[in-house]
Amino acid sequence: MRAKGKYELVSELARRRGFFWQSFEIYGGIGGFIDLGPLGTKLKHKLEDAWRDFFLKRSGIYEISTPIINPRIVFQASGHLESFKDPMVECSKCGRKYRADHLLEDAIGTKFEAIGLEAIDAEIEGKGLACPECGGSLSKSRYFLTMFETTIGPYSEAIGYARPETAQGIFIDFKRLYEIARGKLPFGVAQIGKALRNEISPRQGPIRLREFTLMEIEFFFDPEEECEALGEVGEEVLRLVPASSRERGIEEPIERSVREAVREGIIINGWLGFFMAKSKEFICGLGIPEERQKFHEKLPNERAHYSAQTFDHEVLLEDWGWVEIAGHAYRTDYDLSRHSAFSGQELRAFRAYERPRIAKTLKVVPDEAKMREAFGERHKAVMEALMRAEPEEVKRSIESRGYFEALGEKVGPEHVSFRSIEVKETGRRFIPHVVEPSFGLERIMYAVLEHSYSTKGDRVVLRLPKKVAPIQAVVLPLVNSKDLEGKAKSLWEALLEAGFDVEYDDSGSIGRRYARADEIGVPIAITVDHRSLADGTVTLRERDSWKQVRVRAEEVPRCLRSYLSGDLGFEEVGSS
RNA sequence: GCGGCCGUAGUCUAGCCUGGCCUAGGACGUUGGCCUUCCAAGCCAAUGGCCCGGGUUCGAAUCCCGGCGGCCGCACCA
């Protein structure tokens with residue numbers, strides 16, 4: 001018989017025991033969507049909590065929650081409407097679909113900058129391009145938009161889109177969030193939530209979904225300031241595949257400490273390096289070894305429109321090779337600048353100088369009477385526009401062209417004078433830069449399941465890290481008798497009361513129950529036997545070693561807590 | 001979206017090529033019962049299936065067409 005792939009084994013287990021399965025099964029299923037079952041949902045929550053615990057708790061990064069549906073303007077500003085679409089053409093003969101820009105690139109041999117559908121069509125016609133497969137004629141190009149589109153409100157014309165990333169919600173709220181952070185920089189804002197992308201052909205179960213969960217941090221900082229956090233993680237060694245290597249055809253990772261990588265300019269920003277190191281540590285903590293992780297830099301033409309540098313944090317999966325589980329992008333001030341321009345809102349931070357500085361600056365002094373004379377009723381508006389402009393620019397314009405244009409009116413030298421004044425500057429205003437670590441939850445979940453999947457003889461043991469195991473312990477009476485049942489059930493109640501995720505199982509033989517528990521990754525099984533009735537002790541059995549220790553029943557919550565938190569090893573639990 | 005392979009209980013699978021012996025067989029699981037003092041033991045019983053739709057035929061799990069879904073390759077993954 002054909003050997004089964006790891007994905008097949010894992011997803012078989014996932015279906016059978018309720019981690020995840022394909023959505024809409026009774027209607028034949030739809031690609032790109034999965035349902036999480038009871039265990040999958042629990043696992044998801046624990047992964048989210050592990051992530052919060054790791055990234056947010058000690059670093060003052062706080063979490064918000066914003067809508068999935070956003071109005072059109074948001075994605076105009078963010079640039080997604082521009083770049084989240086691809087021009088497609090279809091062959092009228094064989095029906096094959098192609099990326100129009102790719103066809104053109106192949107034909108002319110250089111990068112083709114998309115400049116609109118008409119231009120593309122003209123180019124295709126001009127070059128006499130036909131279907132590369134069958135030679136049939138090509139349709140007019142049209143855009144395929146990877147965002148889901150909808151309307152907001154009934155009978156509404158207002159177009160809305162489902163967000164393809166959670167980040168925009170954070171950028172939009174920047175002003176308020178910066179206030180709430182009491183004007184401190186750097187600071188980070190996190191969001192965990194669904195994002196949607198209308199993938200052309202999703203595959204690989206939980207790896208490529210149309211609806212998936214992102215855990216993202218937008219970390220705002222002053223680009224002129226040294227990254228002070230590198231010290232903490234600076235010596236962490238990363239496996240990197242820099243773009244400079246890739247351009248020379250080298251895909252082998254090099255090893256550099258974060259500090260070195262930043263110094264050598266392989267990672268162009270300290271905070272980016274900081275989060276990459278943290279990211280590695282986080283994924284290691286989920287049981288995925290270092291040597292199965294690497295950071296793969298995107299080439300400039302592969303990068304998203306907003307990014308100055310992107311590293312994909314990849315893990316090695318059995319069936320699919322290296323898969324991105326997190327992306328680390330240096331988004332610079334792109335998003336805030338764009339939202340500032342589109343909304344007309346000031347989205348800048350203020351950094352006070354140590355001592356106020358006296359700066360000479362130019363002031364525009366309008367002559368109101370002359371302006372009224374020249375512009376009549378509009379003079380007030382023209383004046384306001386004039387005052388909003390950069391004084392230097394106004395002066396330059398008037399000197400070189402003889403006028404400055406404000407609201408379509410020509411403001412000449414007769415309308416204004418300039419005065420050099422001294423102002424006290426207490427600080428500078430600037431648009432913060434952003435680095436964004438962005439984690440794909442479902443992918444991480446799958447990677448964790450795959451790495452946890454092990455067998456012992458013909459039994460499956462899911463060696464899930466203790467902190468994310470959906471069920472932390474199971475209470476078992478050794479055999480089904482009234483005495484044992486009573487004792488076991490009261491222990492179960494006590495553990496539930498103490499806040500553990502614990503189950504009770506009295507079905508089948510003891511071996512079968514252990515097997516059931518192993519298969520869903522329950523770290524500890526607690527067995528109540530005849531001796532429990534005599535001396536009040538119970539057996540703790542460790543999933544990974546199958547070793548057993550005896551502890552007093554009333555000590556179980558304490559022991560369990562120490563063991564699960566990693567404070568005590570299993571053997572120590574028994575002797576404590 | 002194209003090409004190749006594929007779709008049978010909760011899971012895995014036999015049957016399909018060569019239509020009827022299929023009232024679709026098995027294993028595991030699950031549930032109930034008996035038994036059972038530590039790793040899927042045993043016995044009894046129950047549970048449940050041919051992806052969807054159309055066609056060919058006296059008769060379709062089996063042949064044909066379409067759809068949906070899966071895997072692999074191409075493309076795509078901003």
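These figures come from a predicted structure and were not determined experimentally.
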Under 3.5 Å donor-acceptor pair, A/Arg541 side-chain atoms to B/C39 base atoms: yes
Base B/C71 paired with A/Glu8 side chain (donor-acceptor, <3.5 Å): no
Contact under 4.0 Å: A/Trp320 side-chain N or O vs B/C71 OP1/OP2: no
Which part of the nucleic acid, if any, lies within contact of [X], taking any heavy atom under 4.0 Å across all strands shown: a base, the sugar-phosphate backbone alone, or nothing?
X	result
A/Leu478	base
A/Thr539	base
A/Asn480	base

Nucleic acid contacts of residues 201-213 of chain A, taken as heavy-atom distances under 4.0 Å to RNA chain B: A/Ser201, A/Arg203, A/Gln204, A/Gly205, A/Arg208
Within residues 11-23 of chain A: residues closer than 4.0 Å to RNA chain B (heavy atoms): A/Glu12, A/Arg15, A/Arg16, A/Gln22
Between P of B/C38 and CD1 of A/Ile524, the distance in whole Å: 20 Å
Residue A/Glu302 excluded, over 12 heavy atoms near CD under 6.0 Å: yes
Please give the nucleotide sitting opposite [N] as a Watson-Crick or G-U wobble pair, both distances under 3.5 Å, or none.
N	result
B/C2	B/G73
B/G29	B/U47
B/C34	B/G42

Between A/Tyr563 and A/Glu542, a side-chain donor and acceptor under 3.5 Å: yes
